[in-house]
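A short worksheet on the structure shown next.
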Amino acid sequence: METSSQQNVIAQGTKIIGDVISSGPFRIDGSIEGNVKTTGKVVVGKTGAIKGTLHGENADFEGRFSGKLILSGTLSLKSTAQIDGEVQVNKLAVEPGANFNAICSMKGAVKPLSHESAKRQEPIKEERPA
């Protein structure tokens, strides 16, 4: 699948009901009710809204989202963002003032615990008189 360099724009006052699939980036200032799937970046402006499922790589929100959001990259929430639902991301950036009411799981790489800290926590031996 080739990635499109042209940005798809859903203008303010436009409402789409149904599924949207694209390989290019999106700017949403209108509203979408349904599923959005893209390999490009999604930018939701202050007047933008998505109600449904969003699958993508990266997303910047100034507007509203309600549903299930699954990103392989970064979710960036500006101070005017309103997020409700379930979120799965690799990285999360939240500005003060953003409303983030979601069950969130981060699917990034887990760093292993060092063996040195485990060695320091040896069990205490109790001595009992004979």
Check: Got a donor-acceptor contact below 3.5 angstrom from the D19 side chain to the N35 backbone?
Finding: yes

Note to self: Donor-acceptor check, side chain of S22 to backbone of T38, threshold 3.5 angstrom: yes or no?
What the structure shows: no

Margin query: Quick one: does any side-chain atom of S31 pair with a main-chain N or O of A49 as donor and acceptor, under 3.5 Å?
Written below: no

Check: So, does N8 use its side chain to make a donor-acceptor pair with the main chain of P25 at under 3.5 Å?
Finding: yes

Note to self: If we ignore hydrogens and angles and just use 3.5 Å, is the side chain of E95 paired with the main-chain N or O of S79 as donor and acceptor?
What the structure shows: yes

Item checked: Derivation and outcome, side-chain contact (heavy atoms from CB on, under 4.5 Å), residues K107 and N90 -> CA-CA 5 Å; K107 302 292 184 183; N90 188 13; 5.7 Å; no

Next item on the list: Keeping the roles fixed (side chain from T80, backbone from E62), state whether a donor-acceptor pair exists under 3.5 Å.
Entry: yes

Notebook entry, point to check: Considering only heavy atoms from C-beta outward, does the side chain of F65 approach that of L75 to under 4.5 Å?
Noted result: no

Note to self: Once rounded to the nearest 0.5 Å, what's the spacing between atom CD1 of I10 and atom CD1 of I28?
What the structure shows: 4.5 Å

Item checked: Rounded distance (nearest 0.5 Å) linking atom CG of L71 with atom NZ of K41 -> 11.0 Å

Checklist line | Separation of T14 OG1 from D29 CG (nearest 0.5 Å) | finding: 9.5 Å

Note to self: Between N101 and Q82, is there a side-chain heavy-atom distance shorter than 4.5 Å?
What the structure shows: yes

Note to self: Hydrophobic clusters here meaning ILVMFWY residues chained together by side-chain heavy-atom distances under 4.5 Å, can you tell me if F100 and I50 are in one?
What the structure shows: yes

Check: Got a second to check how far K37's NZ is from T53's OG1, nearest 0.5 Å?
Finding: 11.0 Å

Margin query: Tell me the closest heavy-atom pair linking G18 and I32, and the distance in Å.
Written below: O-CG2, 4.3 Å

Notebook entry, point to check: Can you find a heavy atom in the side chain of L69 that is under 4.5 Å from one in the side chain of V89?
Noted result: yes

Check: Is a donor on one side and an acceptor on the other found under 3.5 Å between the side chain of S105 and the backbone of Q88?
Finding: no

Notebook entry, point to check: For the hydrophobic clusters of this structure (ILVMFWY residues joined by side-chain heavy atoms under 4.5 Å, transitively), does one cluster hold both V87 and V94?
Noted result: yes

Item checked: Under 3.5 Å: donor-acceptor pair, side chain of S23, backbone of T39 -> no

Note to self: I'd like to know if L54 and I16 are part of one continuous hydrophobic network [Ile/Leu/Val/Met/Phe/Trp/Tyr, side-chain heavy atoms within less than 4.5 Å].
What the structure shows: yes

Checklist line | Spacing of E57 atom CD and T74 atom OG1 [to the nearest 0.5 Å] | finding: 8.5 Å

